[in-house]
Protein chains: 2
Amino acid sequence: MNVETALQRLKEKGYKRTKQRERIVEIFVQQDQYIAAKDILKAIQEDFPGVSYDTIYRNLYLLTEEEILETTELGGEKHFRLGCETHGHHHHFICTTCGKTKSIEFCPMNSINENLKGYDVENHKFEIYGKCPQCH
Amino acid sequence: MNVETALQRLKEKGYKRTKQRERIVEIFVQQDQYIAAKDILKAIQEDFPGVSYDTIYRNLYLLTEEEILETTELGGEKHFRLGCETHGHHHHFICTTCGKTKSIEFCPMNSINENLKGYDVENHKFEIYGKCPQCH
DNA sequence: AATTTAAATCGTAATCATTATTATTTTTTG
DNA sequence: CAAAAAATAATAATGATTACGATTTAAATT
């Protein structure tokens, strides 16, 4: 996913192209890892000193809604990263030190043979936490 | 796990038996589901009107540390439940409406054949979210 | 290009979960 | 009972997230 594709997808839905929104997407394209809202704010303030959390969160949630970003909760904070739809549905190993991830192609939902009759499955989460080779 | 066993385990580690702590464990034994800190507070205030969040969280974390409780993050809030060590390591289906859970005996870590050489696995999470038959 | 309008932003305040602090109280042990 | 350690109460502080009114901006329209 690149910046243009993402903004194009938003445009089709009637969302406007703003410099701030553009920059937010850019940051995610540059740093291919989970990032906390406060770090997005910090990064974007170099170009737009006045941005508010309102703008950050509104965009992060919009981008997640439009499936441009993925989200997970790390240490009590929501983190976001570019959704890597390039290789389909998958999960992540997440480094608890640097936040970098490694894709895990295996999805446990495919292997599950529990009886979930009567249960309406909406979502699932499979994440492995630990130290990546660099942080080990 | 019953109240006595839990408090006994704490005693062995040198932790004291207090009425508040006792009541907290009791609540978890009675309600076998994930509960948010604020709901524990609400429940315990019926007996101890003056309890503070400090007491709640200190005990929740202590009980988690001592592996009497398990924890997960739901909607931006930490939730706790009695650890069901009776049937070993397992995962959960969690109802997004009532919070009740169904145990999933399958653990994806047993089935994983990804190459995680060089990665130090500390933890993992596999949770399925949706509606239970009652809330469906 | 100017006008219009809906969307987005800014600046700031409010909310909510969680953590910290200090004085006081309680449990346990000798 | 007395002493020491642990736990609690009351309250304040922190930090993430959400909300809001006024203003600005992007994009569509004339």
Side-chain angles (χ1 to χ4, degrees), chain A residues 3-4 6-27 34-66 68-69 71-80 99, chain B residues 3-4 6-27 34-66 68-69 71-80 99:
Chain A
V3 179
E4 287 312 316
L7 292 170
Q8 182 56 35
R9 199 188 287 186
L10 291 181
K11 189 175 185 178
E12 281 160 15
K13 293 289 197 76
Y15 298 108
K16 295 178 176 172
R17 178 181 188 126
T18 66
K19 294 185 286 293
Q20 295 87 337
R21 184 166 289 163
E22 194 176 320
R23 187 73 189 94
I24 289 174
V25 175
E26 232 172 70
I27 291 165
Y34 279 111
I35 313 176
K38 65 163 180 281
D39 293 320
I40 293 295
L41 182 78
K42 210 178 299 173
I44 206 176
Q45 274 181 335
E46 294 176 10
D47 299 285
F48 305 93
V51 280
S52 70
Y53 266 118
D54 182 77
T55 300
I56 302 298
Y57 279 106
R58 199 164 14 75
N59 279 296
L60 290 179
Y61 290 150
L62 172 66
L63 292 165
T64 304
E65 188 69 27
E66 295 304 320
I68 292 162
L69 296 184
T71 179
T72 194
E73 194 106 16
L74 293 173
E77 280 176 81
K78 292 190 183 80
H79 284 63
F80 301 81
Chain B
V3 180
E4 287 312 316
L7 292 170
Q8 182 57 35
R9 199 187 287 186
L10 290 182
K11 189 173 185 180
E12 282 161 16
K13 293 290 196 78
Y15 297 108
K16 295 178 177 173
R17 178 178 188 129
T18 66
K19 294 186 286 294
Q20 294 89 335
R21 182 167 290 164
E22 193 176 321
R23 186 75 189 93
I24 289 174
V25 175
E26 232 173 69
I27 292 166
Y34 277 112
I35 312 175
K38 64 164 180 280
D39 294 321
I40 292 296
L41 183 78
K42 210 180 298 172
I44 206 175
Q45 274 180 337
E46 294 176 11
D47 299 284
F48 305 92
V51 280
S52 70
Y53 265 118
D54 180 80
T55 299
I56 302 298
Y57 279 107
R58 200 165 11 77
N59 278 297
L60 291 179
Y61 290 149
L62 172 66
L63 291 165
T64 304
E65 187 70 27
E66 294 304 319
I68 291 163
L69 297 183
T71 181
T72 194
E73 195 106 14
L74 293 172
E77 280 176 82
K78 291 190 183 81
H79 284 62
F80 301 82

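Throughout, protein chains are lettered first and strands after them, A, B, ... in sequence-line order, and every chain is numbered starting at 1.
The CG atom of A/Leu10 sits 15 Å away from the P atom of D/dA26 (whole-angstrom rounding). Counting to the nearest Å, the P atom of C/dA7 and the CD atom of A/Glu65 are 16 Å from each other. Note: OH (A/Tyr15) to P (C/dT9) measures 12 Å, nearest angstrom. For B/Lys13 and C/dT28, the NZ to C1' distance is 18 Å, given to the nearest whole Å. What separates NZ of A/Lys11 from P of C/dA7 is a distance of 16 Å, to the nearest Å. For A/Glu66 and C/dA8, the CD to P distance is 11 Å, given to the nearest whole Å. One can place OH of B/Tyr57 at 13 Å from P of C/dC16, the figure rounded to the nearest angstrom.
B/Thr18 has no side-chain polar atom (N or O) that falls below the 4.0 Å cut-off from OP1 or OP2 of D/dA6. For the OP1/OP2 pair of D/dT18 and a distance below 4.0 Å, the side-chain nitrogens and oxygens of A/Tyr61 include at least one atom meeting the criterion. Look at A/Gln20 and you won't find any side-chain N or O under 4.0 angstrom from OP1 or OP2 of D/dT25. Applying the 4.0 Å criterion to OP1 and OP2 of C/dC10, one finds that A/Thr55 has a side-chain N or O inside that range. Contact annotation: B/Lys19 side-chain N/O to C/dT27 OP1/OP2 distance is under 4.0 Å. Applying the 4.0 Å criterion to OP1 and OP2 of D/dA7, one finds that B/Arg58 has every side-chain N and O outside that range. OP1 or OP2 of D/dA16 has at least one side-chain nitrogen or oxygen of A/Lys38 nearer than 4.0 Å. Close to D/dT11, at under 4.0 Å from its OP1 or OP2, lies no side-chain N or O of B/Ser52.
Nearest-nucleotide assignment on DNA chain D puts the 5′-proximal partner with B/Lys16, out of B/Lys16 and B/Asn59. Mapped onto DNA chain D by nearest heavy atom, A/Asp54 and B/Phe48 fall at different nucleotides, with B/Phe48 at the one closer to the 5' end.
Closest to the side chain of B/Arg21, from the set D/dA26, D/dT8, D/dT17, is D/dT8. Counting only heavy atoms from C-beta on, A/Lys78 has its side chain closest to D/dT17 among D/dT17, C/dT19, C/dC10.
Residues B/Phe80 and B/Thr71 form a side-chain contact, since some pair of their non-hydrogen atoms from C-beta on lies under 4.5 Å apart. Annotation: side chain of B/Glu66 is in contact with side chain of B/Tyr15 (closest heavy-atom distance under 4.5 Å).
One finds the CZ atom of A/Arg21 at 11.0 Å from the CG atom of A/Leu60 (value rounded to the nearest 0.5 Å).
Scanning both residues, B/Ala36 and B/Glu77, for their nearest heavy atoms gives CB-OE1, 3.3 Å. When all heavy atoms of B/Ala43 and B/Ile27 are compared, the pair lying nearest together is CB-CD1, 3.7 Å.
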